[in-house]
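All remarks here apply to the structure that follows.
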Protein chains: 2
Amino acid sequence: MNDLTIGALAKSAGVGVETVRYYQRRGLIPANGAQKGAFRVYGNHEFARLRFIRRAQTLGFSLDEVSELLALDEETDRERARAFARAKIADVESRIRQLEEMRGALQGLVTCCEHTEAPAPCPILHALANAPEPPPAPRGKTRARSATKAP
Amino acid sequence: MNDLTIGALAKSAGVGVETVRYYQRRGLIPANGAQKGAFRVYGNHEFARLRFIRRAQTLGFSLDEVSELLALDEETDRERARAFARAKIADVESRIRQLEEMRGALQGLVTCCEHTEAPAPCPILHALANAPEPPPAPRGKTRARSATKAP
DNA sequence: GTTGACTCCGTACTCGGGTACGGGGTCTAG
DNA sequence: CTAGACCCCGTACCCGAGTACGGAGTCAAC
């Protein structure tokens, strides 16, 4: 598992070469390292980092967060690691709740539509057209929306 | 609610002027329409569309999907509207399941970390470092990832 | 000693949903 | 009549996580 070229490293970790290079640019993988001839070589350390990054991603961490996790020390930063994980759980749960609201609303519309007889207009489209109130913050990560400019 | 300028329309719908213009560029709102002097004026029709769009967004539809929904007819396209809604429910549910997996894994790590005594290395960081296997499709919307190029 | 596969590096593009900016025109109140 | 607010239009930029491309260099095998 030593002296891999970037291509071999990428392959063994199941990512693309460009992805490895991208992680280097972001400082997630040290970009210096040993050279063999004109090409860089990679070993266990880099392979482990790559796995770390990908595992953390599947847990929902962004690459910025992964940087912070990578900077933690297994021995001395347990509290911080736990705090990170708890914060991420809260984040994930709030996204779940959002999606559950959507599902509930959609389900309601579909059920309603199934119970309505033919000569009425489609309740789904009707509900969309005659919405009650578009509540304050509809899109994305709760970013402020200025109706007109408020300096 | 008639003869609004773009700014008044945007404000009354709770969006930014640039957003309205963006929807016009995407064809979600007809860009022609009446002029009053040099400025376009908007009325109930445009206001209703704006509400439709925003309500559909909160239900999880993308703007491309909103276009399709807008093209449906309340009288004759009930089947199609229902199919759209059902597909979106399935989509939302699969995203929920993904997030629930994340939550479960994170919860497991935190619980484990809380039950481990001090002089051991942090189980969370340890688990990330010594991951079992990064399973096939980790990121985003299941996009194919080519380890090396496969033409 | 040449072919073909690979690496290095920089830059630019992708997607989605907007936001920001800038120059010029217009409308309205004082 | 002029100031200030607003509109029009085009273009460029933002985020996040990569992907794509192109030219030049290099390495290993035949």
Side-chain angles (χ1 to χ4, degrees), chain A residues 3-29 31-42 46 50 53-54 56-58 60-67 91 137-151, chain B residues 3-29 31-42 46 50 53-54 56-58 60-67 91 137-151:
Chain A
D3 281 17
L4 304 170
T5 65
I6 194 173
L9 172 67
K11 195 167 181 180
S12 73
V15 303
V17 170
E18 298 302 329
T19 303
V20 175
R21 288 181 34 67
Y22 175 67
Y23 291 167
Q24 290 182 334
R25 283 204 295 283
R26 292 196 57 137
L28 296 170
I29 295 176
N32 43 25
Q35 302 259 136
K36 194 181 157 189
F39 298 164
R40 263 192 279 276
V41 289
Y42 302 87
E46 285 83 11
L50 223 35
I53 294 164
R54 290 171 65 62
Q57 279 186 309
T58 70
F61 292 100
S62 72
L63 292 184
D64 274 356
E65 289 164 337
V66 174
S67 304
D91 175 16
R139 290 246 34 87
K141 300 174 183 296
T142 318
R143 265 192 291 160
R145 152 184 324 278
S146 58
T148 39
K149 58 192 62 177
Chain B
D3 281 17
L4 303 170
T5 65
I6 194 172
L9 172 66
K11 194 165 178 181
S12 74
V15 305
V17 170
E18 298 301 327
T19 304
V20 176
R21 288 183 31 69
Y22 176 66
Y23 291 166
Q24 289 182 334
R25 283 205 295 285
R26 292 196 58 138
L28 296 170
I29 295 177
N32 44 25
Q35 302 258 137
K36 194 180 158 190
F39 300 164
R40 261 192 280 277
V41 290
Y42 302 87
E46 286 83 11
L50 223 36
I53 294 165
R54 291 171 64 61
Q57 280 186 309
T58 71
F61 292 100
S62 72
L63 292 184
D64 275 356
E65 289 164 337
V66 174
S67 305
D91 175 15
R139 288 249 32 87
K141 301 173 181 297
T142 318
R143 266 193 289 161
R145 153 184 322 279
S146 57
T148 39
K149 57 191 64 176

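A note on names: the letters A, B, ... follow the listed sequences, proteins ahead of strands, and every chain is numbered from 1.
Rounded to a whole Å, the CZ atom of A:R21 is 15 Å from the C1' atom of D:dA17. We find that CZ of B:R54 is positioned 11 Å from C1' of C:dG18, with the value rounded to whole Å. Rounded to an integer number of Å, the gap from B:Y42 OH to D:dC8 C1' is 10 Å. Note: CD1 (A:I29) to P (C:dC8) measures 13 Å, nearest angstrom. If you measure from atom NZ of A:K36 to atom P of C:dC6, you get 16 Å, rounded to the nearest angstrom. Atom OH in B:Y22 sits roughly 17 Å away from atom C1' in D:dC9 (whole-Å rounding). In this structure, OH of A:Y23 is placed 8 Å from P of D:dT19, rounded to the nearest angstrom. Remark: C1' of D:dG16 and CG of A:L28 are 13 Å apart, rounded to the nearest angstrom.
A heavy-atom distance below 4.5 Å is found between the side chains of B:Q57 and B:L63.
Here the shortest heavy-atom pairing between B:V20 and B:A10 reads CG2-CB, 3.8 Å. Minimum interatomic distance between A:V41 and A:D3 (heavy atoms only, all atoms of both residues): CB-CA, 3.9 Å.
Looking at which nucleotide of DNA chain D each of A:F39 and B:F39 is closest to, the 5′-most match is held by B:F39. The residue among B:D64 and A:Q35 whose nearest nucleotide of DNA chain C lies closer to the 5′ end is A:Q35. Between B:I6 and A:A38, it is B:I6 whose nearest contact on DNA chain D lies nearer the 5' terminus.
Side-chain atoms of A:R40 come within 3.5 Å of backbone N or O of A:A31 as a donor-acceptor pair.
Here B:R40 lies in heavy-atom contact (under 4.0 Å) with sugar-phosphate atoms only.
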What verdict does the side-chain contact (heavy atoms from CB on, under 4.5 Å) test give for A:D64 and A:R26, after you've listed the backbone C-alpha separation in whole Å, the side-chain angles of each residue and the deciding distance to 0.1 Å? CA-CA 9 Å; A:D64 274 356; A:R26 292 196 57 137; 2.5 Å; yes
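Of the listed nucleotides (C:dT19, D:dT19, C:dG25), D:dT19 has the atom at the smallest distance from the side chain of A:E18.
Residue B:S62 places no side-chain N or O under 4.0 Å from the OP1 or OP2 atom of C:dG16. In this model, the phosphate group of D:dA17 is not approached by any side-chain N or O of A:T19 to a distance below 4.0 Å at OP1 or OP2. Regarding contacts with the backbone of C:dC8, every side-chain N or O of A:Q24 stays at 4.0 angstrom or more from both OP1 and OP2.
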